[in-house]
Amino acid sequence: PYEPAKWAAAPVFQTAVFTGEQLFRKRPSGLKGFLEKGGPIEEETVAEELACRLGEPIASFLRVQIETPTWLKRRPSHIFLFVMESKDAAFAFDPSLRSLTPRLQEFAETGISVAHFYAASSATVDAIQSGQAGVGRQANYPHSRVLARLKLDTLPGIAKRANYSAHFYAASYRQFGNKGDSSEALGYDTFVGLPDLHPELAGNEWGVHDGPFFDWVLNKVEKATTPQLLTLLNVSYHPPYNVPREELGSASHIEKEISDRFFGKTEEERMRYASHVKYADREIGEAVDSLRDRFQNALFVFVGDHGGAKLRGEDNNHVPFILWNDRIVDSRVDTTGWFGSHMDLPATLASLLLSDGDQILTLGRPVWLQDENRVSLAGGNNLNPRGIWDEEGVLQTPFRDLSASTPAPQINLRKVSAIHSLSWGFLNDEVSLLSLELALEGHSKKDSRLAAQLP
């Protein structure tokens, strides 16, 4: 299940993967035309095709060497990763919304924030798998048995290398998108969500309200003494927006000019959306305060899974990404040119956990890397240091002002298509494990052997 329009971007490997060997062999009507749009159809091996599209050998592209950033003051004692359901970037960065989300904007202003960060897709599970596995968006949800064989370095796997335990607590149901089994297959020691949260935490059809959920988490981790990566998925930004009024408290009082920023047929509907955003911001802030008091040297990471499509004029793929705690990071660093997507989370956090010279295997890169050849994938967006590009190679949103004398920037669409292919292949067991074994062993010159073994 893949968008046919993208076949032109990766004629040989991608078409073979997404249509299947039998379909490719039969060459149905119209397929040849799709292939030819991407360039001449040649007799070439998959490895050579991918190396061409990546612009460098596959093994060297997968391998990332750790370089500790100068703005990291100390290794964090714990990492608390807040994955915020349906959270638009505007809630973190738009000053006119400060009365609605004061805590998130405080974290953005006093921490390290990445203004150009984009979601893997509009599906929560896509974001989770992309962010944990370090790959691009998936067209379907891989089975947990496949994910357990993944040889890329996942975020929980990286945490374990650094002697952290890894746990995932979700306010939503474990079975949604198979995210419980998938998260454990990708390396989390435990995944706890509904219906396994405490029985007193009654949930609606989507999940548990943020207040009771964070209270449960705080009780769970209060006595933690060993380092841990704790990922928290809260859901009160998401419909059905039915937090009891007594729990909303002051969050139910919203200025009309703020509520009018939201979609909704009636003022009551717009106010309900806005009040739940304010409520969730308050609950996250209180949870962070409690955790910070108990774990003063912890790093707090905030990322949206995708936007909520509730704010007028906002890009639903544009989400917050913030690193916070002045005991751990120096917030004075200039982040003007930083960019990334969910696939860059493992590489980014690995640089804060592992030692200089350590190596990981991932398709993502640290969000501060300014290499002109770097490409990141976020749903329908292709990102490089210049900005966001569409699938035709047209610049849609520049990240910085370009003078008239600056040559017209381009993006390597062949590299983009190769990352799509590798992402799908790795998470769906279509890429030979030999390619990853060779990358681990550093046999970058064995192209002929690699080409012979890849499907």
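For the numbers below, each heavy atom of this structure counts, side chains included, while hydrogens, waters and symmetry mates do not. The chain is numbered in sequence order, starting from 1. In this text the structure is predicted, and so the values were computed from the model without any measurement.
- Without hydrogens or angle criteria, E222 side chain to L218 main chain gives no donor-acceptor distance under 3.5 Å.
- The closest donor-acceptor contact from the side chain of H143 to the backbone of R145 lies under 3.5 Å.
- Among all heavy-atom pairs drawn from A378 and S341, the shortest one is CB-CB, 3.8 Å.
- With no hydrogens or angles considered, a side-chain donor-acceptor pair links S259 and E267 at under 3.5 Å.
- At distances below 3.5 Å, at least one donor-acceptor pair connects side-chain atoms of H78 with backbone N or O atoms of T226.
- Of the possible polar contacts, none joining the D126 side chain to the S121 backbone as a donor-acceptor pair under 3.5 Å is found.
- The number of heavy-atom neighbours closer than 6.0 Å to CD of E269, taken from other residues, nucleotides and ligands shown, is above 12.
- Looking at D281 and T101, their side chains never bring a donor and an acceptor atom within 3.5 Å of each other.
- No side-chain donor from either of N297 and S77 sits under 3.5 Å from a side-chain acceptor of the other.
- Here F176 pairs with Y173, W206 under the ring pair (Phe, Tyr, Trp, His ring centres under 6.0 Å) rule; sequence neighbours left out.
- Within the 3.5 Å criterion, the main-chain N or O of G136 finds a donor-acceptor partner in the side chain of S423.
- Ring pair F262/F91 is parallel by interplanar angle, where below 30° counts as parallel and above 60° as perpendicular.
- Between F80 and F295, the distance from one ring center to the other falls under 6.0 angstrom.
- Here the side chain of D88 pairs no donor or acceptor atom with the backbone of A90 at under 3.5 angstrom.
- For Q370 (side chain) and G337 (main-chain N/O), a donor-acceptor pair under 3.5 Å exists by modelled atom type.
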Notebook entry, point to check: Could you go step by step and tell me if F339 and F117 meet the ring-ring contact (aromatic ring centres under 6.0 Å, His included) rule?
Noted result: CA-CA 6 Å; F339 73 96; F117 196 87; 9.8 Å; no
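- Side-chain contact, R292 with N325: a donor N or O sits under 3.5 Å from an acceptor N or O.
- Salt bridge absent: D330 and R74 never bring a charged side-chain N and a carboxylate O closer than 4.0 Å.
- The minimum heavy-atom distance between S351 and L72, with the atom names listed, is O-CD2, 4.5 Å.
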Notebook entry, point to check: Given the rule in the salt bridge (Lys or Arg N to Asp or Glu O under 4.0 Å) test, do R270 and D260 qualify, once you have shown the distances and angles that lead to the verdict?
Noted result: CA-CA 7 Å; R270 294 190 293 273; D260 284 347; 3.7 Å; yes
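- For D189 and K160, the salt-bridge test passes: some basic side-chain N is under 4.0 Å from an acidic carboxylate O.
- Between S144 and N178, the shortest heavy-atom distance links the atoms N-ND2, 3.9 Å.
- The minimum heavy-atom distance between A170 and F191, with the atom names listed, is CB-CZ, 3.6 Å.
- Side-chain contact between V221 and Q228: present, with at least one pair of heavy atoms (C-beta onward) separated by less than 4.5 Å.
- Residues K73 and R327 fail the side-chain proximity criterion, which asks for heavy atoms closer than 4.5 Å.
- With a 4.5 Å cut-off on side-chain heavy atoms, L352 and P69 count as touching.
- Judged by distance alone, with hydrogens and angles left aside, the side-chain atoms of Y241 form no donor-acceptor pair with the main-chain N or O of S275 at under 3.5 Å.
- A 4.5 Å side-chain heavy-atom check between L229 and S165 finds every atom pair outside the cut-off.
- Residues H167 and T190 bring a donor and an acceptor atom of their side chains to less than 3.5 Å of each other.
- Comment: E109 engages R98 in a salt bridge, judged by a side-chain N to carboxylate O separation of less than 4.0 angstrom.
- Annotation: cation-pi geometry satisfied between R312 and F263 (NZ/CZ under 6.0 angstrom from ring centroid, within 45° of ring axis).
- A salt bridge does not link D326 with R332: none of the charged nitrogens is closer than 4.0 Å to a carboxylate oxygen.
- Of the possible donor and acceptor atoms, none in the side chain of S355 sits under 3.5 Å from a partner among the backbone N and O of D358.
- Taking every heavy atom of both residues into account, K179 and V125 meet most closely at CB-CG2, 4.3 Å.
- P320 has its side chain out of reach of V303: every pair of non-hydrogen atoms, C-beta onward, lies at least 4.5 Å apart.
- Salt bridge annotation for R174-D181: present, with a cationic side-chain nitrogen under 4.0 angstrom from a carboxylate oxygen.
- A tilted orientation is assigned to the rings of W338 and W368, their planes being inclined by 30° to 60°.
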For residues 283-291, tabulate all N or O donor-acceptor pairs below 3.5 Å that involve a side-chain atom, not counting sequence neighbours.
| unit_1 | atom_1 | unit_2 | atom_2 | d |
| --- | --- | --- | --- | --- |
| D289 | OD1 | R103 | NH2 | 3.0 |
| D289 | OD2 | R103 | NH1 | 3.0 |
| S290 | OG | E286 | O | 3.2 |

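- Under the 6.0 Å cut-off for aromatic ring centres, F302 and F321 do not qualify, their centroids lying 6.0 Å or more apart.
- Side-chain contact check for T362 and R63: no donor-acceptor pair (N or O, by modelled atom type) lies under 3.5 Å.
- Not one N or O on the side chain of D305 forms a donor-acceptor pair closer than 3.5 Å with the backbone of A127.
- Taking all atoms of both residues into account, the shortest heavy-atom contact from R272 to H276 is O-ND1, 2.9 Å.
- With salt bridges taken as basic N to acidic carboxylate O contacts below 4.0 Å, one links R261 and D94.
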